[in-house]
2 protein chains.
Amino acid sequence: MSLHAPKLAPRDCGDCQIRHRAVCARCDSDELARLEEMKYYRSFQAGQNIVWSADRMDFVGSVVSGIATLTQTMEDGRRQMVGLLLPSDFVGRPGRAIAPYDVTAVTDLVMCCFRRKPFEEMMGTTPHVAQRLLEMTLDELDAAREWMLLLGRKTAREKIASFLTILARRESGLKARAPKGQITFDLPLTREEMADYLGLTLETVSRQMSALKRDGVLELEEKRRITVPSFDRLAEETGDDADGGMLA
Amino acid sequence: MSLHAPKLAPRDCGDCQIRHRAVCARCDSDELARLEEMKYYRSFQAGQNIVWSADRMDFVGSVVSGIATLTQTMEDGRRQMVGLLLPSDFVGRPGRAIAPYDVTAVTDLVMCCFRRKPFEEMMGTTPHVAQRLLEMTLDELDAAREWMLLLGRKTAREKIASFLTILARRESGLKARAPKGQITFDLPLTREEMADYLGLTLETVSRQMSALKRDGVLELEEKRRITVPSFDRLAEETGDDADGGMLA
DNA sequence: TCCGGTCTTTGATCCGGATCAAATGAAAGG
DNA sequence: CCTTTCATTTGATCCGGATCAAAGACCGGA
């Protein structure tokens, strides 16, 4: 709930870059200045809920650091993660007050926010901001549909491999289509959270991780730190065609 | 491929209403006239492919009559439907030339189309069109995420019930939240297509339909014509909370 | 009317992943 | 250092839905 002032001068700080890239790649300096005035920071603790399903969500923004998830839950407690927010990802629904899912910080998290109403007003006067948001939403929709294929048709092993492929790709340079060679990265999620993302149980996730390790597809120094000796070898396990799945 | 002239005067025809509702709820008459000039019609036969995955898609538009599907396919033939297009639904990706899925007519189909390029240009000059498209895309995204919950966590019986609930709701007045009493409608899809939508096999779909019939949740006069004696009874089977799942 | 094809139902069996259960490991606090 | 707690691994068993197989049901065409 607390509002945090940026720690660096606006024009220099990395956060602004992120905000700028996420929201508008083409703002002129006037618009940039208006965005600059509007923005504020919010911090959340690991495990803290940011928005509850069916609650009002009066801001939009992007993740500066940390990880957040979008989840849907059934009455009896069955959960399905429907989105994973990594640094530079955008959250929020311009034009929508109510989110149909929970947003939760899974690690300590800092977000760069804009109040929804004034942001929407700016959207009405600067057409390319609306177009940029449309682009981002289409990207999310593509990702969601790719995920539907995973949830509906892939085996447990393919699901794990697909998930790790996305993380590995993200780690080795933003959006690099098919990274080469060895990649090391941290797992941001517990086995249970991975299970919720992949439509599995935590035991199955654990077993399949062990199996992939046994088969030399990955190495686990610590439980949450992964090395993939060969990205291509991992990608073969996803069931996607060779050029690599998550095409946007 | 053929272009079809509208059968009625533009201002009177039902197609225009559909197009108008789908694309822009707030056009003034100048913009309406521009849209009117741009639009054309295309017909497709049942089973015909409209766009292939990874092919260019040089138009956007809305379904006038008939049913189309969006599907993703893995190399080995596993298929997952990622969208179902009913009359008045919008298709197309302004700003995107390439679709990452197949679009297929499952019945004979008529679409009201606009060429993508000029449509995009109009989007740039009339901000509320971009906003309208953003709204529609957010709706699709919500639906996709709801579907992720279904694919990842629901039982076969719940999947079928959820699917029928959507059709029943759609049948009894567009977007009516929770229709009352008895509803009769046609199944637009074969058992196999339903299976591809729900992440099941056609045998499981058939068995669960039989089970729901045996339990009095639905009646099957013909194989593809369904009567739901009580919408609420059906909704109970979906696993969603009482107010009815697919909240937008 | 019969025939061939497609869609659908139903039965029998199998298997991948869920469930139940227990042990191990690793970090946090007294 | 020991206890507590939580994440993870691993084992044993079960079950829902997949797979394999066969038999209707329906339709259009000869």
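In what follows, chains are A, B, ... by sequence order, proteins preceding strands, each numbered from 1. Only heavy atoms go into these numbers, but all of them, side chains included; no hydrogens, no water, no symmetry mates.
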Starting at atom [atom1] of [X], determine the distance to atom [atom2] of [N], rounded to an integer number of angstrom.
{"X": "B:Asp196", "N": "D:dA18", "atom1": "CG", "atom2": "C1'", "result": "14 Å"}
{"X": "A:Arg224", "N": "D:dC6", "atom1": "CZ", "atom2": "C1'", "result": "11 Å"}
{"X": "B:Arg78", "N": "C:dG16", "atom1": "CZ", "atom2": "P", "result": "13 Å"}
{"X": "B:Met209", "N": "C:dT8", "atom1": "CE", "atom2": "C1'", "result": "10 Å"}
{"X": "B:Leu202", "N": "C:dC7", "atom1": "CG", "atom2": "C1'", "result": "9 Å"}
{"X": "A:Leu220", "N": "D:dT9", "atom1": "CG", "atom2": "C1'", "result": "11 Å"}
{"X": "B:Arg153", "N": "C:dT19", "atom1": "CZ", "atom2": "C1'", "result": "13 Å"}
{"X": "A:Lys154", "N": "C:dG16", "atom1": "NZ", "atom2": "C1'", "result": "17 Å"}

Which nucleotide, [options], lies nearest any side-chain atom of [X]?
{"X": "B:Lys223", "options": "D:dT8, C:dG17, C:dT8", "answer": "C:dT8"}
{"X": "B:Ser206", "options": "D:dT8, C:dT8, C:dA21", "answer": "C:dT8"}
{"X": "B:Thr201", "options": "C:dT8, C:dG17, D:dT19", "answer": "D:dT19"}
{"X": "B:Glu203", "options": "C:dT10, D:dT8, D:dG11", "answer": "C:dT10"}
{"X": "B:Arg207", "options": "C:dT10, D:dT10, D:dG17", "answer": "C:dT10"}

- Task: Would you please say whether a donor-acceptor pair under 3.5 Å links the side chains of B:Thr201 and B:Thr204?
- Result: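 Yes.
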- Do we see a donor-acceptor contact under 3.5 Å between the side chains of A:Thr227 and A:Thr184?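 Yes, A:Thr184 and A:Thr227 have a side-chain donor paired with an acceptor closer than 3.5 Å.
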- Under 4.0 angstrom, heavy atoms only, what part of the nucleic acid is B:Leu200 near: base, sugar-phosphate, or nothing?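 Sugar-phosphate: the residue B:Leu200, judged by heavy atoms under 4.0 Å, touches backbone atoms but no base.
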- Counting distance only, does the side-chain N/O of B:Gln208 pair as donor-acceptor with the main-chain N or O of B:Val205 below 3.5 Å?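 Side chain of B:Gln208 to backbone of B:Val205: no pair is present.
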- Task: Over all heavy atoms of both residues, which pair between A:Thr71 and A:Tyr101 is shortest? Give the atoms and the distance, please.
- Result: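 For A:Thr71 and A:Tyr101, the tightest heavy-atom pair comes out as O-CB, 3.4 Å.
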- Item | Check against side-chain contact (heavy atoms from CB on, under 4.5 Å), B:Leu187 and B:Phe163 | CA-CA 10 Å; B:Leu187 269 183; B:Phe163 177 64; 4.2 Å; yes
- Phosphate OP1/OP2 of C:dT6: any B:Thr190 side-chain N/O under 4.0 Å: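 Looking at the OP1 and OP2 atoms of C:dT6, neither is under 4.0 Å from any side-chain N or O of B:Thr190.
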- Message: With nearest nucleotide decided by heavy atoms, which residue, B:Arg191 or A:Thr155, maps closer to the 5′ end of DNA chain C?
- Response: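 Residue closer to the 5' terminus by nearest nucleotide: B:Arg191.
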- Comparing B:Glu222 and B:Thr204 on DNA chain D - which has the more 5′ nearest nucleotide: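 Per heavy-atom nearest nucleotide, the more 5' residue is B:Thr204.
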